[in-house]
There are 2 protein chains.
Amino acid sequence: MPAIKDVARRAGVSVATVSRVLNDHPSVRADTRERVLAAVADLGYRPNAVARSLRTDQTRTLGLVISDVLNPFFTELARSVEDAARELDYSVVIGNADERPDLQDHHVRTLMDRRIDGLLVSPTDGGSPMMLAAARAGTPMVFVDRWIEGEGLDRVPVIRTDGRGAIRALVAHLCALGHRRVAIIAGPAATTTGRERVDAFRSALREFGLELYEDHIGQGDFQADSGRRVTARFLDLPHPPDAIFAADNLMALGAMDEIRARGLRVPADVALAAFDDIPWFVHTDPPITAIAQPTGALGRAAVTALIDLVEGRPAESVTLSARLVTRRSCGEPERSKP
Amino acid sequence: MPAIKDVARRAGVSVATVSRVLNDHPSVRADTRERVLAAVADLGYRPNAVARSLRTDQTRTLGLVISDVLNPFFTELARSVEDAARELDYSVVIGNADERPDLQDHHVRTLMDRRIDGLLVSPTDGGSPMMLAAARAGTPMVFVDRWIEGEGLDRVPVIRTDGRGAIRALVAHLCALGHRRVAIIAGPAATTTGRERVDAFRSALREFGLELYEDHIGQGDFQADSGRRVTARFLDLPHPPDAIFAADNLMALGAMDEIRARGLRVPADVALAAFDDIPWFVHTDPPITAIAQPTGALGRAAVTALIDLVEGRPAESVTLSARLVTRRSCGEPERSKP
DNA sequence: TCCTTCCATGTAATCGATTCCAATCACATG
DNA sequence: CATGTGATTGGAATCGATTACATGGAAGGA
């Protein structure tokens, strides 16, 4: 693989001149530029990004640590982040934490070792040591979707979706359809989205004169298996719930598995709704009512904020809103239309 | 961020000694090692991977260029690749080509610029110039799932799934259920999996005395929209097919969208089957019969082969087999069980 | 014609590691 | 006591770029 000095030799100039041509420095004579460019083309030379990064102390790379790649919400987020970053000539390196704090720490460490310019995180747990260290050390950092609190973290912008409005709409929908004993499969209490969704659900229920009983709050971990387990516990209760709200789409999948395994029907026996909409929800049996996040906008806003930080501009937190997409998993749709 | 010389200064040794401690070189006195390690801990020092890579000419990073992150098959593949690589202390950088040759080229270029140690590709089109150049330049490279032919590419191992057996089983299944006018939504002809699935389907049909008519072969591009379009064309035919086989799961999703939009029913009006099984297929209406690939094994085998190449060992191609998972989208299941 | 100024280019330091080679020292051997 | 051996350690080159500073020559003004 040719290096800059090979190009220099072939073009009969010094490496400095080659470097200037490569970086569009103005003071290079036109014919010299031509000669260098010709040499570059002849050799198929490409600048070594590793060497360049060492010298300039920037990698034009962003790290994205997400909780679970298999969750379509995060895949979509990753995709929009990559698209937005590419527009601005940045690359993205994804680390999949698989909802495991140790893996999250591993990825943050690896990314920091690689000297990425900025870090986009959707934190899994309360306080990964590496992440705190990175934030304190002044690494440009932005939280997406979820965030954590802690000292040194108050200056980290949070790009997220507020689900309260949509959750309230969902509760209204459930009430209108006659559901009274509603339950929630919550995310880990260590995550903000985990807690927030339970809180919003509880407040909305109260507003409608309903209560969220302790044994109708199941602890999940945002993965399918936990949805199955929690649903099993709900259905074994002396008075099982007549509606279940899963705090993410994978737990909803698990819930469906369990409901189906018991020969029960959605929504006749138990209604089901999920946070995070995905294309497949249109085609499940029945189509699942879900709360949709503006994933593309979320990813774009996150990249904008992070790159602002990286390039020394101030960045602010952004909160977008989710919206309810009504389908048939909570009961027949309102008879508003014929 | 402290550098090796800061550690050296604090420990009262030279950078050479620090480097030796960091790389477990045997000839360092125990107490010196302790002092260095203490300094490392005090400063929270982490070696700069960029500098190390420049010097050693290896990044311990693998590139993975996939056709479409939003396709659950590839997400799962990416995940298993990352897991396998991490076991062996390698990182993975994913490039999403989105089924676009230009993006594929962009990612291969970026990864090569970053001097990754090896490249794992599931090629989108026939012959990306950067990819050919990389292969010819001797970059360790392995194809997963799909592959391309071309000079310089014959030494590149291919880790893939052979779908012929499973496709034959699918055709048998369709025949047994009385379907005669079967159609296929094919992948791009430029991809091997695109062509192979059509060929295997055609041969299997012939074996069962059926024919695959030209207008029952729809050109898709492995994305949902094309599934919709092709299905629309099928259903507009004077004699529409009574069974549709989608060459991947996203096109199956598109097909379902279109079928449902027309108020038709699966499988009563038209049967549906897909290549690539995903968790959601259990819960669609009806559950979709699909051909499942051993994704985890595929990813692991690919990483093993690539790292063998990277570390100078020979590597061989691997072919695994897919299997048919019968559900209800082609008709009622065989009455083998009560 | 001589000096100033500017343009184009080269020289060399630098980024943070790794590693070859040389130097030092303690100790053992003859 | 002189010399050889092996264990530790340091000095300095190196990887491939970028960039401050120096240099040489041409052009312009007095």
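Naming: A, B, ... by sequence-line order, numbering from 1 per chain.
- Taking only side-chain atoms of B:Ala3, from C-beta outward, the nucleotide of C:dA12, C:dG16, D:dT9 with the closest atom is C:dG16.
- A:Lys5 has a side-chain polar atom (N or O) that falls below the 4.0 Å cut-off from OP1 or OP2 of D:dG16.
- Nearest to the side chain of A:Asn48, among D:dA17, C:dG16, D:dT18, sits D:dA17.
- Between A:Thr56 and D:dT18 there is no side-chain N or O to OP1 or OP2 distance below 4.0 Å.
- Toward the 5' end of DNA chain D, the nearer of the two residues B:Asp31 and A:Tyr45, judged by each one's closest nucleotide, is B:Asp31.
- Between B:Arg60 atom CZ and C:dT18 atom P there is a gap of 13 Å when expressed in whole angstrom units.
- Counting non-hydrogen atoms of neighbouring residues, nucleotides and ligands closer than 6.0 angstrom, the CZ atom of A:Arg155 reaches no more than 12 such neighbours.
- Spacing between atom CZ of B:Arg9 and atom C1' of D:dG10 amounts to 16 Å, rounded to whole angstrom units.
- A:Gln58 has its CD atom 13 Å from the C1' atom of C:dC15, to the nearest Å.
- Heavy atoms of A:Asp57 sit nowhere under 4.0 angstrom from any nucleic acid atom.
- Atom-to-atom, CG of A:Asn23 to P of C:dA8 comes out at 17 Å; the value is rounded to the nearest Å.
- Annotation: A:Asn23, atom CG; neighbour count of heavy atoms from other residues, nucleotides and ligands within 6.0 Å is above 12.
- If you take CZ of B:Arg114 and C1' of D:dA17, they are 15 Å apart, rounded to a whole angstrom.
- Nucleic acid contact for B:Ser19: base, since at least one base atom lies under 4.0 Å from a heavy atom of the residue.
- Phosphate proximity of C:dT18 to B:Arg52: present, with a side-chain N or O under 4.0 Å from OP1 or OP2.
- A straight line from CG of A:Asp113 to C1' of C:dA17 spans 13 Å, rounded to a whole angstrom.
- B:Ser53 contributes a side-chain N or O that, together with a main-chain N or O of B:Ala49, makes up a donor-acceptor pair within less than 3.5 Å.
- Taking a 6.0 Å sphere around CG of B:Asp42, one finds it holds more than 12 heavy atoms contributed by other residues, nucleotides or ligands.
- Between the side chain of B:Arg115 and the base of D:dG16, no donor-acceptor pair under 3.5 Å is found.
- Looking at the side chain of A:Arg20, the nearest of the listed nucleotides D:dA20, D:dT18, D:dT9 is D:dA20.
- Among the nucleotides D:dG11, C:dG10, C:dA8, the one closest to any side-chain atom of B:Ala16 is D:dG11.
- Using modelled atom types, no side-chain atom of B:Asp145 and backbone atom of B:Ser122 make a donor-acceptor pair closer than 3.5 Å.
- Contacts of B:Val18 with the nucleic acid, taken as non-hydrogen atoms under 4.0 Å apart, are absent.
- In this structure, A:Arg46 atom CZ and D:dA17 atom P are separated by 11 Å, rounded to whole Å.
- When the side-chain nitrogen and oxygen atoms of B:Thr32 are compared with OP1 and OP2 of D:dT9, one or more of them lie within a distance under 4.0 Å.
- In this entry the distance linking NE2 of B:His25 with C1' of D:dT8 reads 10 Å, nearest Å.
- Within 4.0 Å of A:Val50, counting heavy atoms only, lies no atom of the nucleic acid at all.
- The base of D:dT14 lies close enough to the side chain of B:Arg55 for a donor and an acceptor atom to sit less than 3.5 Å apart.
- If you check the side chains of A:Ser91 and B:Arg114, you find a donor sitting under 3.5 Å from an acceptor.
- Toward the 5′ end of DNA chain D lies the nearest nucleotide of B:Arg29, the other residue of the pair B:Arg29 and B:Leu54 mapping further downstream.
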